[in-house]
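Scope of the values below: all heavy atoms of this structure, side chains included, with no hydrogens, waters or symmetry mates. Since this is a predicted model, take the numbers as computed values, not measurements. Just so we're on the same page: letters track the sequence lines, and every chain starts at 1.
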Protein chains: 2
Amino acid sequence: MDDRLSRVFSALADPIRRDMVARLAVGDATVNELAEPYAVTVQAVSKHLKVLEDAGLVSRSKQAQRRPVHLEAEVFDLMTKWIERYRLEAEQRYQRLDAVLAEMAVGEPDQAKTRSEGEAS
Amino acid sequence: MDDRLSRVFSALADPIRRDMVARLAVGDATVNELAEPYAVTVQAVSKHLKVLEDAGLVSRSKQAQRRPVHLEAEVFDLMTKWIERYRLEAEQRYQRLDAVLAEMAVGEPDQAKTRSEGEAS
DNA sequence: AGCGAAGTCAACCAAAAAGTTGAACACGCA
DNA sequence: TGCGTGTTCAACTTTTTGGTTGACTTCGCT
């Protein structure tokens, strides 16, 4: 887990961290406020925040002795770009496959294709 | 890590698994084909596939003694929905904030609002 | 009937993650 | 000046993860 995308996905793999992101979408909050709903210590929440921060999902400014946590929504783009890219590729492939199947339906129906069998597609 | 979304995010937190998804977007593949580029055993790849399968990202049909792996792109929707929801919430919040700031600029500039300080908003 | 290829299962290991407790640090305030 | 609050740091434990090796199953092929 070294690259950015891995850190982002990994950060959001935890329900508590996802819930914290959900709450931060509504407004900044302090560590104690964030910790309050969960059945874990505030130290554990502090660690969760570090994970989110390392992933670039969150930033912490210091204001007196409290550190308001702020959601950095731009990182979401990184994920959506990755997801959309492969979703699209897969969808386009289905369209091509449909075209091929349609072609086969009108053409000859037995294209056994028992060659080397090595590659996918 | 029990719910669906956690499993999906967690599955994609690993670079090898993300790469496998990327390759499967282009076409189905067998376990050995998938394993080939990586410096790990085929057993390890089999485990990775189990993780992807448990997340619903991939399905395996059995065809003779090989099990072609197939990408299930629908699961991506689950993620994008989650992501978009909070991205939008955060963005709308900024717009509201901008509106408030603009209002304050023309109106009275000292709306101290030092009440309970309890909630984030 | 039996070899060989493709996958999986089981047991194990090391490293990382998620949690704990306890101590320390950094302020504001009386 | 020193107490209290908010947060982090450090050390430790337990669970999960990603990897290994070795044995086993399933099938096609000759």
Side-chain angles (χ1 to χ4, degrees), chain A residues 1-3 6-21 24 28-55 57-70 112-120, chain B residues 1-3 6-21 24 28-55 57-70 112 114 116-120:
Chain A
M1 203 167 322
D2 33 51
D3 62 306
S6 294
R7 281 198 299 269
V8 175
F9 278 124
S10 182
L12 293 179
D14 186 287
I16 289 194
R17 287 194 294 258
R18 262 198 327 278
D19 190 56
M20 293 199 302
V21 166
L24 287 168
D28 296 2
T30 67
V31 178
N32 271 291
E33 285 164 4
L34 283 171
E36 194 255 313
Y38 312 121
V40 297
T41 61
V42 73
Q43 289 96 320
V45 170
S46 187
K47 279 196 187 178
H48 279 307
L49 284 172
K50 183 152 182 22
V51 173
L52 289 170
E53 191 176 27
D54 289 348
L57 277 159
V58 132
S59 66
R60 284 182 278 185
S61 50
K62 64 181 351 176
Q63 141 190 325
Q65 69 276 79
R66 61 206 57 156
R67 324 243 180 304
V69 182
H70 175 78
K113 185 189 147 265
T114 328
R115 47 163 189 165
S116 117
E117 173 74 57
E119 45 265 341
Chain B
M1 204 169 321
D2 33 50
D3 62 308
S6 295
R7 282 198 298 270
V8 175
F9 278 123
S10 182
L12 293 178
D14 186 285
I16 290 195
R17 287 194 293 259
R18 264 200 323 281
D19 190 57
M20 295 201 300
V21 167
L24 288 168
D28 296 1
T30 67
V31 177
N32 271 289
E33 286 164 3
L34 284 171
E36 196 254 314
Y38 314 119
V40 297
T41 61
V42 73
Q43 289 97 319
V45 170
S46 187
K47 278 196 187 178
H48 279 306
L49 283 171
K50 182 149 181 26
V51 173
L52 288 171
E53 191 175 28
D54 289 349
L57 277 159
V58 131
S59 66
R60 286 183 277 186
S61 50
K62 64 182 350 177
Q63 140 188 327
Q65 68 277 80
R66 61 206 56 155
R67 326 241 181 303
V69 181
H70 175 77
T114 327
S116 117
E117 171 78 56
E119 46 263 342

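Look at B:Thr41 and you'll find a side-chain N or O under 4.0 angstrom from OP1 or OP2 of D:dT20. Between B:Arg60 and the phosphate of C:dT8, there is a side-chain N or O to OP1/OP2 separation shorter than 4.0 Å. Regarding contacts with the backbone of D:dT7, a side-chain N or O of A:Asn32 is found under 4.0 angstrom from either OP1 or OP2. The phosphate of C:dA17 has neither OP1 nor OP2 within less than 4.0 Å of any side-chain N or O from A:Ser10. A sub-4.0 Å separation between OP1 or OP2 of C:dG28 and a side-chain N or O of A:Arg66 is absent. When the side-chain nitrogen and oxygen atoms of A:His48 are compared with OP1 and OP2 of C:dA17, none of them lie within a distance under 4.0 Å. The side chain of B:Ser46 places no N or O atom within less than 4.0 Å of a non-bridging phosphate oxygen (OP1 or OP2) of C:dG7.
No donor-acceptor pair closer than 3.5 Å links the side chain of A:Thr30 to the backbone N or O of A:Pro68. The main-chain N or O of B:Arg67 is never found under 3.5 Å from a side-chain atom of B:Arg60 such that the two would form a donor-acceptor pair.
Counting to the nearest Å, the C1' atom of C:dA16 and the CG atom of B:Asp14 are 13 Å from each other. If you take CD of A:Gln63 and C1' of C:dG28, they are 13 Å apart, rounded to a whole angstrom. Going from atom CG of B:Leu49 over to atom C1' of D:dG18 covers 14 Å, rounded to whole Å. If you take OH of B:Tyr38 and P of D:dG18, they are 14 Å apart, rounded to a whole angstrom. Summarising the geometry, the separation between CG on A:Leu12 and C1' on C:dA17 is reported as 16 Å, rounded to the nearest angstrom. One atom, NZ of B:Lys50, and another, C1' of C:dA10, lie 14 Å apart when rounded to the nearest Å. For the pair B:Phe9 CZ and C:dA17 C1', the interatomic distance rounds to 18 Å; values are reported in whole Å. Following rounding to the nearest Å, A:Asp54 (CG) and C:dA17 (P) show an atom-to-atom distance of 10 Å.
Mapping A:Ile16 and A:Arg67 onto DNA chain C by nearest heavy atom places A:Ile16 at the nucleotide closer to the 5' end.
Note on B:Lys47: a base of the nucleic acid sits closer than 4.0 angstrom, heavy atoms only.
To the nearest 0.5 Å, the span separating OG on B:Ser10 from CG on B:Asp3 amounts to 10.5 Å. To the nearest 0.5 Å, atoms CG (A:Asp19) and CG (A:Leu34) are separated by 9.5 Å.
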Go through the steps to decide whether A:Val51 and A:Asp14 satisfy the test side-chain contact (heavy atoms from CB on, under 4.5 Å), and finish with yes or no.
CA-CA 10 Å; A:Val51 173; A:Asp14 186 287; over 6 Å; no

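Taking only side-chain atoms of B:Val31, from C-beta outward, the nucleotide of D:dT7, C:dT8, C:dT20 with the closest atom is C:dT8. Out of D:dT8, D:dG18, C:dC9, the shortest distance to the side chain of B:Gln43 is found at C:dC9.
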